[in-house]
Amino acid sequence: MFIEVVKSKIHRVTVTEANLNYIGSITVDEDLLDAANLIPNEKVSIVNNNNGERFETYIIKGERGSGVICLNGAAARRVQPGDVIIIMSYALMDFEEAKTFKPAIVFPDTVTNKLL
């Protein structure tokens with residue numbers, strides 16, 4: 001049996017931009033991607049702590065060290081710059097493997113979005 005478990009999580013980052021005139025996705029600072037074991041084009045779930053919105057999109061690599069968290073396209077309607085969000089990805093794995101799996105979870109500074 002396979003189950004879906006949290007693989008990666010960037011906990012409480014601040015939205016720096018919302019760009020409605022883009023195809024879609026979330027742009028994330030490459031430092032945060034590396035720390036959370038996330039890659040470009042990976043599907044992610046977004047939770048907006050300010051308004052309760054939950055939605056899915058995919059990742060675009062942002063400039064390393066920039067602190068950028070930009071929601072693009074239709075997702076830009078779900079956030080405002082300054083909102084605090086959580087970014088999560090999930091993986092399917094064998095039930096026994098899931099019992100010992102440790103997700104990559106990062107807690108960046110919510111002001112700068114830089115790693116602590």
Side-chain angles (χ1 to χ4, degrees):
M1 169 177 37
F2 286 92
I3 63 170
E4 192 170 20
V5 298
V6 173
K7 177 189 83 65
S8 303
K9 180 178 179 182
I10 301 173
H11 189 77
R12 297 183 56 84
V13 287
T14 302
V15 174
T16 59
E17 302 172 53
N19 182 356
L20 185 59
N21 297 314
Y22 192 82
I23 298 168
S25 67
I26 183 170
T27 305
V28 179
D29 178 324
E30 190 174 7
D31 284 340
L32 293 174
L33 295 180
D34 289 348
N37 194 29
L38 293 165
I39 60 171
N41 299 310
E42 185 170 351
K43 179 180 174 181
V44 288
S45 296
I46 310 293
V47 178
N48 186 329
N49 286 356
N50 291 76
N51 63 20
E53 289 277 0
R54 293 176 155 280
F55 54 96
E56 294 177 335
T57 190
Y58 63 93
I59 295 170
I60 291 178
K61 178 175 57 175
E63 182 181 343
R64 186 177 294 283
S66 67
V68 67
I69 300 292
C70 179
L71 277 298
N72 301 298
R77 295 217 184 262
R78 306 277 181 120
V79 301
Q80 295 291 318
D83 284 356
V84 174
I85 63 171
I86 299 168
I87 304 168
M88 298 170 285
S89 74
Y90 301 87
L92 287 173
M93 62 185 67
D94 176 77
F95 184 77
E96 292 304 317
E97 178 185 9
K99 288 180 180 180
T100 59
F101 178 76
K102 301 290 185 231
I105 302 176
V106 292
F107 299 90
D109 181 282
T110 57
V111 175
T112 64
N113 290 338
K114 305 282 175 109
L115 297 170
L116 296 176

Side chain to side chain contact (heavy atoms under 4.5 Å, CB included) partners for Arg64, two or more places apart: Glu30, Asp31, Asp34
Of the non-hydrogen atoms in [X] and [Y], which two are nearest, and what is the gap between them?
X	Y	value
His11	Pro108	O-CD, 3.5 Å
Leu38	Ser89	CD2-OG, 3.4 Å
Val6	Tyr90	CG2-CE2, 3.6 Å
Ala104	Ala36	CB-O, 3.5 Å
Asn72	Tyr22	CB-CD2, 3.4 Å

Taking atom [atom1] of [X] and atom [atom2] of [Y], what is their separation to the nearest 0.5 Å?
X	Y	atom1	atom2	value
Glu17	Ile69	CD	CD1	10.0 Å
Met88	Lys7	CE	NZ	13.0 Å
Glu97	Ile3	CD	CD1	9.5 Å
Ile87	Glu42	CD1	CD	11.0 Å
Asn50	Gln80	CG	CD	9.5 Å
Ser66	Lys114	OG	NZ	7.0 Å

Single hit among Thr27, Asn41, Ile39, Val44 for side chain to side chain contact (heavy atoms under 4.5 Å, CB included) with Ile59: Val44
Which residue, Val28, Ile85, Ile86, forms the side chain to side chain contact (heavy atoms under 4.5 Å, CB included) with Ile10?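 It is Val28; the other options fail the test.
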Tell me whether [Y] is reachable from [X] by hopping between hydrophobic residues (I, L, V, M, F, W, Y) whose side-chain heavy atoms are closer than 4.5 Å.
X	Y	value
Val106	Val84	no
Val15	Tyr58	no
Phe95	Val5	yes
Leu92	Met1	no
Leu33	Ile105	no

Got a sec: does the CD1 of Ile23 have more than 12 other heavy atoms crowding it under 6.0 Å?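 Not buried by this count: 12 neighbours or fewer within 6.0 Å.
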Using a 6.0 Å cut-off, check whether atom CD of Glu63 has over 12 heavy atoms from anything other than its own residue.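 It does not: Glu63 CD has 12 such atoms or fewer within range.
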Walk me through it: do Val79 and Glu53 pass the test side-chain contact (heavy atoms from CB on, under 4.5 Å)? CA-CA 8 Å; Val79 301; Glu53 289 277 0; over 6 Å; no
